[in-house]
S.K.: 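Shown below is the structure under consideration.
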There are 2 protein chains.
Amino acid sequence: MTGKQFTSVWLREPRKATSPGLSREEIVRASIELLDAEGLAGLSMRKLGAKLGAGATSIYWYVAHKDELLELVYDEVWGEMRLPEPEDVGWRDAASTLAYSMRQVMLRHPWSADLLGRLPALGPNAMRVASGMRRMFRMAGFEGMDVDYAGSTLTAYVYGKTLPEIAWNTSMSAHEYDPDEMRNMVVTAARDYPDMLEGLDMSAYDDVSAIQAVAFDFGLVSVLDGLERRLPA
Amino acid sequence: MTGKQFTSVWLREPRKATSPGLSREEIVRASIELLDAEGLAGLSMRKLGAKLGAGATSIYWYVAHKDELLELVYDEVWGEMRLPEPEDVGWRDAASTLAYSMRQVMLRHPWSADLLGRLPALGPNAMRVASGMRRMFRMAGFEGMDVDYAGSTLTAYVYGKTLPEIAWNTSMSAHEYDPDEMRNMVVTAARDYPDMLEGLDMSAYDDVSAIQAVAFDFGLVSVLDGLERRLPA
DNA sequence: ACCTGAACACCGTTCAAGT
DNA sequence: ACCTGAACACCGTTCAAGT
């Protein structure tokens with residue numbers, strides 16, 4: 001309730017595109033290297049400064065605070081997402097490709113899961129995807145606000161599905177993974193809930209990522225089917 | 001790849017349910033008060049200790065590290081979710097009620113958005129919901145792994161949709177909200193993407209939460225329709 | 001069995017001062 | 001215009017010591 005207007009890096013002019021010293025591009029590139037290598041917790045202003053051969057606080061000349069830095073790297077993530085022209089492949093194929101691409105990008109940059117859906121997505125790359133997605137759903141036949149509702153339904157599914165995948169992956173790569181131990185744990189946790197085990201395919205724990213892929217596709221097809229049904233006749 | 005087995009608070013025996021000193025219940029209750037009042041960043045071991053009239057490090061007797069504390073409070077969140085008996089109301093109504101309930105709980109405890117999908121959900125309350133959800137989708141007619149796929153599709157949608165709502169809400173309550181300013185910002189951000197504004201209902205910014213509710217329902221109906229279509233004939 | 005305090009190795013951010 | 005270093009107000013966690 002208190003305080004200032006909402007703002008975003010993308011709504012201010014950047015600090016001189018000209019030469020001397022650091023540049024936004026360098027800072028963003030170094031940040032992403034740090035993030036890919038060490039995760040979100042690995043990106044600190046001090047480490048970033050060190051990596052750039054600068055004082056820890058020099059970055060504050062280019063960026064008002066760390067959140068703005070995150071907005072900057074966040075948009076790079078959007079830059080990696082592929083959305084084919086819906087006019088070429090039809091809206092359903094375009095939507096599938098986008099969804100799969102979003103998932104791949106998130107899995108490639110696990111730290112992005114902490115940013116997606118939390119930070120305002122007002123950067124140029126995010127806008128490009130958002131705009132393409134609107135065209136896609138318009139072409140499908142959606143009208144008015146339904147265009148946005150359809151878009152946010154699709155992205156919500158992809159976030160919500162991929163987020164726990166990433167949490168699982170990072171937890172598992174930090175620990176020793178043993179399928180048998182895992183099966184035991186599940187049985188222990190479910191001891192009072194026999195429902196939980198009924199019909200559960202325990203061999204799923206032998207190749208988790210294969211199951212995750214199948215699960216993703218199952219849901220994606222369902223979501224697209226559901227959206228298709230809402231199209232005005 | 002390195003190190004120890006995966007573990008969870010819920011897989012260890014708690015430290016004496018008996019009397020003296022602090023108890024898990026007290027600690028969890030105080031934590032949630034702190035979280036509701038100040039958000040995730042407001043919960044520090046020092047503040048929690050102070051609130052309990054104890055040294056900052058006393059909590060480490062009850063909990064191995066902060067993440068375990070978070071697992072504990074996380075399960076309380078699941079405890080607030082409502083899932084009617086699918087036998088009484090039918091699977092679609094039960095699924096809707098659960099989805100709306102999840103959204104409400106998340107909006108009520110915005111900090112839960114940072115935990116959902118990230119932390120292992122092995123506590124008793126999470127198990128109760130998971131088990132009820134399996135029964136629900138089994139009753140609907142799903143079989144084998146499809147029961148789980150359907151469940152994770154539904155929860156993925158609810159997370160993914162509610163998460164940005166929460167981010168929006170917290171950002172807006174930290175700033176002065178002015179619909180006109182907001183409309184200007186959107187126009188500015190979309191300056192190079194005329195697609196973005198076409199068919200966009202600018203009056204949406206006058207009552208954002210109403211639009212969010214409509215958007216949630218649109219997507220939920222779509223997801224449930226899509227799932228229904230996958231039922232074996 | 002339970003709690004303490006000091007200590008360690010970190011954080012983001014501000015700001016006066018330097019070039 | 002750009003960068004620095006010191007300082008402030010924090011973190012989570014460990015551990016020897018206390019009762």
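Heavy atoms only: backbone and side chains are in, while hydrogens, waters and symmetry mates are out. Proteins get letters first, then strands, A, B, ... in listed order; numbering begins at 1 in each.
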S.K.: Looking only at atom types and distance, does a side-chain atom of A/D75 sit under 3.5 Å from a main-chain N or O of A/L122, one as donor and one as acceptor?
M.R.: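 No, because the side chain of A/D75 does not come within donor-acceptor range (under 3.5 Å) of the backbone of A/L122.
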S.K.: Pairs counted only when both distances fall under 3.5 Å, Watson-Crick or G-U: show me the 5' to 3' dot-bracket for DNA chain C, [ ] for pseudoknotted crossings and | for other-strand partners.
M.R.: ||.|||||...|||||.||
S.K.: Any side-chain heavy atom of A/S31 within less than 4.5 Å of one from A/L69?
M.R.: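 Yes, at least one pair of side-chain atoms sits under 4.5 Å.
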S.K.: Say we look at C/dA9 and D/dA9: how far apart would their C1' atoms be, to the nearest angstrom?
M.R.: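 To the nearest whole Å, 16 Å.
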S.K.: Contact between B/I59 and B/E68 at the side-chain level, heavy atoms closer than 4.5 Å - yes or no?
M.R.: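 SC-SC contact between B/I59 and B/E68 ruled out.
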S.K.: Take atom CH2 of B/W61 and atom C1' of C/dC3, then tell me their distance rounded to the nearest Å.
M.R.: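 For the pair B/W61 CH2 and C/dC3 C1', the rounded distance is 9 Å.
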S.K.: Hey, is the side chain of B/Y62 poking within less than 4.0 Å of OP1 or OP2 on C/dC2, counting only N and O atoms?
M.R.: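 So the side-chain polar atoms of B/Y62 never come under 4.0 Å of the phosphate oxygens OP1 or OP2 of C/dC2.
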S.K.: Expressed in angstrom and rounded to an integer, what is the separation of B/I59 atom CD1 from C/dG5 atom C1'?
M.R.: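 In whole Å, C/dG5 C1' and B/I59 CD1 are 14 Å from each other.
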S.K.: Assert yes or no for the condition that the ring centre distance of B/F216 to B/Y157 is strictly below 6.0 Å.
M.R.: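 So the answer is yes for these two rings.
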S.K.: Parallel, tilted or perpendicular: which fits the ring planes of A/H175 and B/F6, with parallel below 30° and perpendicular above 60°?
M.R.: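 Judged by the thresholds at 30° and 60°, the geometry between A/H175 and B/F6 is perpendicular.
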S.K.: Is the shortest side-chain N to carboxylate O distance from B/E76 to B/R29 below 4.0 Å?
M.R.: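 B/R29 and B/E76: not salt-bridged.
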S.K.: Among all residues two or more places apart in sequence or in another chain, which pass the side-chain hydrogen bond (donor to acceptor under 3.5 Å, both in side chains) test with B/Y100?
M.R.: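 Partners of B/Y100 by the side-chain hydrogen bond (donor to acceptor under 3.5 Å, both in side chains) criterion, ordered by chain and then number, come out as B/D217.
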S.K.: Using a heavy-atom distance cut-off of less than 4.0 Å, which residues of residues 48-55 of chain B contact DNA chain C?
M.R.: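 When residues 48-55 of chain B is checked for heavy atoms under 4.0 Å from DNA chain C, the hits, listed by number, are B/A54, B/G55.
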S.K.: Identify, with sequence neighbours excluded, every residue that meets side-chain hydrogen bond (donor to acceptor under 3.5 Å, both in side chains) alongside B/N184.
M.R.: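 By the side-chain hydrogen bond (donor to acceptor under 3.5 Å, both in side chains) rule, B/N184 matches no residue at all.
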S.K.: Using a cut-off of under 3.5 Å, enumerate the N/O to N/O pairs linking the protein to nucleotides 10-13 of chain D.
M.R.:
{"unit_1": "D/dC11", "atom_1": "OP1", "unit_2": "B/S44", "atom_2": "OG", "d": "3.2"}
{"unit_1": "D/dC11", "atom_1": "N3", "unit_2": "B/R46", "atom_2": "NH2", "d": "3.4"}
{"unit_1": "D/dC11", "atom_1": "N4", "unit_2": "B/R46", "atom_2": "NH2", "d": "3.3"}
{"unit_1": "D/dG12", "atom_1": "OP1", "unit_2": "B/K66", "atom_2": "NZ", "d": "2.7"}
{"unit_1": "D/dG12", "atom_1": "OP2", "unit_2": "B/M45", "atom_2": "N", "d": "3.0"}
{"unit_1": "D/dG12", "atom_1": "N7", "unit_2": "B/R46", "atom_2": "NH2", "d": "2.4"}
{"unit_1": "D/dG12", "atom_1": "O6", "unit_2": "B/R46", "atom_2": "NH2", "d": "2.5"}
{"unit_1": "D/dT13", "atom_1": "OP2", "unit_2": "B/Y60", "atom_2": "OH", "d": "2.7"}
{"unit_1": "D/dT13", "atom_1": "OP2", "unit_2": "B/K66", "atom_2": "N", "d": "2.8"}
{"unit_1": "D/dT13", "atom_1": "O5'", "unit_2": "B/Y60", "atom_2": "OH", "d": "3.4"}

S.K.: Would you say B/L40 and B/L70 make side-chain contact, with heavy atoms under 4.5 Å?
M.R.: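 Side chain of B/L40 against side chain of B/L70, heavy atoms only: contact under 4.5 Å found.
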S.K.: Determine all donor-acceptor pairs shorter than 3.5 Å in which one atom belongs to a side chain in residues 32-39 of chain A; sequence neighbours excluded.
M.R.:
{"unit_1": "A/E33", "atom_1": "OE1", "unit_2": "A/K51", "atom_2": "NZ", "d": "3.2"}
{"unit_1": "A/D36", "atom_1": "OD1", "unit_2": "A/H109", "atom_2": "ND1", "d": "2.7"}
{"unit_1": "A/D36", "atom_1": "OD1", "unit_2": "A/W111", "atom_2": "NE1", "d": "2.7"}
{"unit_1": "A/D36", "atom_1": "OD2", "unit_2": "A/H109", "atom_2": "ND1", "d": "3.4"}
{"unit_1": "A/E38", "atom_1": "OE1", "unit_2": "A/K47", "atom_2": "NZ", "d": "2.9"}

